[in-house]
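A, B, ... follow the sequence lines: proteins, then strands. Residue 1 opens every chain.
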Amino acid sequence: MIRDARVLQSQFVPDDVEHRNAEVNALSNTLKPIMDGHSGEPSLLLGPTGAGKTCIARFTVERLRENVLDIKTQYVNCWQDYTRFKVLYRILEAIDRTVDIHRRSTPKDELLDRVRAYDGPQCVVILDEVDQLQENRVLYDLYQLPRISMILIANRERDLFSLLDDRLTSRLQTCVRISFEKYPLDELVAILKARAHWGLSEDAIGTNELELIADAAAGDARIAISILRNAARLADQCGSDRISTDLVHDAVPEGRDEVRQKTIDQLTPHQRTLYDILNDEGELEMGPLYDAYLDAVDAPKTRRTVRNYLSKMEHYRLIHADGQNRARTYRPR
DNA sequence: CATCCACGGGAATCAGCGGTAG
DNA sequence: CTACCGCTGATTCCCGTGGATG
């Protein structure tokens, strides 16, 4: 039933993209100077999750590679690599300048110096989920380096700009913005059809079922593909060579929760305890939350460590924090 | 206004791991 | 094989900051 599982991964970049030509062209234009050996204009891709921002960025960069002989590219997901160190390190990876770099022994600005000193071919860096960056200074560091082109990806413009200081805001204010909307139903169906065509055996799923998936995904291609993948897996398990309507229904909840569940599963027992407390109690301040935590575990970590956990879980969008300093409260999402 | 106290950055410390000299 | 070294990620210690509280 499953012919090519890679195609059913949402991060798979297809050879051809459906319905996003305007966005591809706009992004290509910002990168055009690279063909003449200059750096591209910085661009900012905005839109809800699953609207194709990451996919289009990778696709466009990939196409650029086909046209430019010598070019370096790097994709950085700031959700995972959210410190300045990691972002710079990933860029050095792309331009082969990582030798001898160690967190302790390397002075902080050694990394930036190396990126600055780089004089090889143009390098395109995709910074996905930039609003998750903890140290936005790195954007300032990278801005207008002659051999680095940046493609920034974020959900909402104000999430991004709220983190930035004035000088960076005014600089990025002028960069090219490309907005992505949620996929309408028919486009989502077309995307699913293409994935099913390449990833599944012939006639494994009908148009009705694809529409059902697209509808449940509510414009989010990532969820849609996740549901399709789950449905295919379920069909495989029960030895069926066709994905029925019932199977789709079964696959919807899993597909929707998959991303969240994956991050919850990654939590350590202590983190999980905090997460459960918030889910049971609702909104809490640090005091009561820490008390509940003390009651719930054997060898409690310190308050400072708990703060680290909480900020990490907020980072992963598992919980929500409002207010600052003493007024801060935590609540489940 | 004085005091309180959580926040979060940074340095120090700890614990586990892999490599290696003896 | 063992002792030791260097590295890393996790945790803790320290502390300046700033809103809340009375």
Side-chain angles (χ1 to χ4, degrees), chain A residues 74 76-94 96-115 127 129-142 154 158-169 262-333:
Chain A
Q74 181 64 299
V76 182
N77 190 326
C78 302
W79 203 336
Q80 286 136 29
D81 299 322
Y82 50 83
T83 64
R84 179 166 178 263
F85 182 94
K86 284 190 177 167
V87 171
L88 289 175
Y89 190 88
R90 298 269 287 141
I91 292 170
L92 288 171
E93 243 170 41
D96 301 324
R97 294 288 192 282
T98 53
V99 276
D100 284 350
I101 291 197
H102 302 295
R103 183 180 283 279
R104 293 307 162 75
S105 51
T106 313
K108 288 222 154 175
D109 281 342
E110 169 75 15
L111 276 77
L112 179 58
D113 288 344
R114 288 198 193 189
V115 176
L127 291 178
E129 317 252 10
V130 261
D131 49 337
Q132 294 300 318
L133 223 44
Q134 275 174 7
E135 296 162 282
N136 49 61
R137 181 155 61 106
V138 69
L139 294 180
Y140 189 77
D141 294 337
L142 295 174
R158 63 160 196 279
D159 291 342
L160 176 59
F161 284 111
S162 64
L163 303 170
L164 305 181
D165 60 13
D166 293 340
R167 54 183 183 174
L168 204 50
T169 303
K262 223 184 251 170
T263 48
I264 290 176
D265 290 344
Q266 280 175 12
L267 297 177
T268 67
H270 285 267
Q271 294 164 346
R272 183 59 195 263
T273 303
L274 289 163
Y275 178 76
D276 289 341
I277 290 172
L278 285 175
N279 268 318
D280 293 344
E281 304 290 326
E283 192 161 356
L284 285 179
E285 291 172 354
M286 186 56 179
L289 173 58
Y290 192 70
D291 289 342
Y293 166 76
L294 287 179
D295 283 343
V297 300
D298 290 339
K301 307 288 183 185
T302 61
R303 283 171 181 269
R304 182 68 188 87
T305 303
V306 166
R307 283 206 295 277
N308 281 342
Y309 290 164
L310 290 168
S311 84
K312 181 176 168 187
M313 286 192 278
E314 192 197 0
H315 178 81
Y316 285 111
R317 301 181 201 202
L318 291 174
I319 63 172
H320 223 17
D322 302 293
Q324 14 179 341
N325 293 337
R326 279 180 71 184
R328 172 163 294 192
T329 60
Y330 299 92
R331 61 185 162 81
R333 245 170 198 282

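No donor-acceptor pair under 3.5 Å is formed between the side chain of A:Tyr293 and the backbone N or O of A:Ile277. A:Arg303 contributes no side-chain N or O that, together with a main-chain N or O of A:Tyr290, makes up a donor-acceptor pair within less than 3.5 Å. Side chain of A:Glu283 to backbone of A:Thr329: no donor-acceptor contact under 3.5 angstrom is found.
To the nearest 0.5 angstrom, A:Met313 atom CE is 4.5 Å from A:Ile319 atom CD1. With rounding to the nearest 0.5 angstrom, the CG atom of A:Leu318 is 8.5 Å from the CZ atom of A:Arg333. In this structure, CE on A:Met286 lies 6.0 Å from CG on A:Leu310, to the nearest 0.5 angstrom. Rounding to the nearest 0.5 Å places NZ of A:Lys301 at 11.5 Å from CG of A:Leu274.
One can place CG of A:Leu289 at 11 Å from P of B:dA6, the figure rounded to the nearest angstrom. Whole-Å rounding puts the A:His270 NE2 to C:dG9 C1' distance at 16 Å. B:dA6 atom P lies 9 Å from atom CD of A:Glu285, rounded to whole Å. Following rounding to the nearest Å, A:Asp322 (CG) and B:dC7 (P) show an atom-to-atom distance of 12 Å.
Nearest heavy-atom pair across A:Cys78 and A:Glu129 is CB-O, 3.4 Å.
At a non-hydrogen distance threshold of 4.0 Å, A:Asn325, A:Arg326, A:Arg328, A:Tyr330 from residues 325-333 of chain A come into contact with DNA chain B.
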Is there any protein nitrogen or oxygen under 3.5 Å from a nitrogen or oxygen in nucleotides 11-16 of chain C, and what are the pairs?
unit_1, atom_1, unit_2, atom_2, d
C:dT11, OP1, A:Tyr309, OH, 3.0
C:dT11, OP2, A:Tyr309, OH, 3.2
C:dT12, OP2, A:Thr302, N, 3.2
C:dT12, OP2, A:Thr302, OG1, 3.1
C:dT12, OP2, A:Thr305, OG1, 2.2

